[in-house]
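See structure below.
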Amino acid sequence: MTSLNTEAKIRLIRLSHLFAGAQEDSLRPLADACYIERLPGKSTVFSIEDEADGVRIIHSGDVRIWLADSQGRELTLALL
């Protein structure tokens, strides 16, 4: 996990179009509650069975959203 101050976290959060126009005062609690993770390539960010526990913002890298059937065949739904 990477440690950043609140202002640095706000700058990263603003890179997401979802939060780009938000006021800094409204982003501060979010920035204070968030943490930064660096994951190695091909890491699983979350699985379909996972309980919702927050928001994930991917700052850089590629994301593959896919499903697998019971025989292990994979269907890619999106590459982002």
Side-chain angles (χ1 to χ4, degrees):
M1 235 179 291
T2 302
S3 179
L4 296 176
N5 65 31
T6 299
E7 285 70 30
K9 289 179 186 178
I10 289 172
R11 284 192 299 276
L12 282 174
I13 292 168
R14 279 188 195 273
L15 294 174
S16 167
H17 72 277
L18 183 63
F19 299 108
Q23 298 290 326
E24 184 168 330
D25 289 347
S26 63
L27 292 178
R28 189 167 296 283
L30 177 61
D32 288 338
C34 79
Y35 58 93
I36 310 296
E37 274 187 298
R38 292 188 187 274
L39 300 175
K42 300 194 183 229
S43 293
T44 299
V45 177
F46 60 88
S47 298
I48 195 167
E49 300 89 13
D50 292 348
E51 186 173 321
D53 64 352
V55 174
R56 308 289 195 288
I57 299 174
I58 309 299
H59 174 64
S60 65
D62 298 323
V63 175
R64 176 179 170 231
I65 301 171
W66 57 275
L67 296 171
D69 66 13
S70 60
Q71 295 157 343
R73 294 178 297 201
E74 298 176 356
L75 172 64
T76 299
L77 302 174
L79 290 172
L80 309 167

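No hydrogens, no waters, no symmetry mates; every other heavy atom, side chains included, goes into these values.
A salt bridge does not link Glu37 to Arg56: none of the charged nitrogens lies less than 4.0 Å from a carboxylate oxygen.
Heavy atoms of other residues, nucleotides or ligands lying less than 6.0 angstrom from CG of Leu75 number more than 12. Within a 6.0 Å radius of CG in Asp50, more than 12 heavy atoms belonging to other residues, nucleotides or ligands are found. Other residues, nucleotides and ligands place more than 12 heavy atoms under 6.0 Å from the CD atom of Glu7.
Alongside Leu27, the hydrophobic cluster contains Ile10, Ile13, Leu18, Phe19, Leu30, Val55, Ile57 (criterion: ILVMFWY side chains under 4.5 Å).
Heavy atoms only, all atoms of each residue included: Ala8 and Asn5 are closest at N-OD1, 2.7 Å. Contact record, Asp32 with Lys9: O-NZ, 4.5 Å, taken as the closest heavy-atom pair.
Both Leu15 and Leu4 belong to a single network of hydrophobic side chains, linked directly or stepwise wherever heavy atoms of I, L, V, M, F, W or Y lie under 4.5 Å apart. In the hydrophobic clustering of this structure, Ile48 groups with Leu77; members are Ile, Leu, Val, Met, Phe, Trp, Tyr whose side-chain heavy atoms approach within less than 4.5 Å, directly or through other members.
Looking at heavy atoms from C-beta onward, Glu74 lies out of side-chain contact with Leu67 at the 4.5 angstrom threshold. A heavy-atom distance below 4.5 Å is found between the side chains of Ile65 and Leu80.
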Applying side chain to side chain contact (heavy atoms under 4.5 Å, CB included), run through Val45 and Leu39 and close with a yes or a no.
CA-CA 8 Å; Val45 177; Leu39 300 175; 4.1 Å; yes
Steps toward side chain to side chain donor-acceptor pair (under 3.5 Å) verdict (Arg28, Thr6):
CA-CA 7 Å; Arg28 189 167 296 283; Thr6 299; 4.8 Å; no
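In this structure a side-chain-to-backbone donor-acceptor pair under 3.5 Å is present from Arg14 to Ala22.
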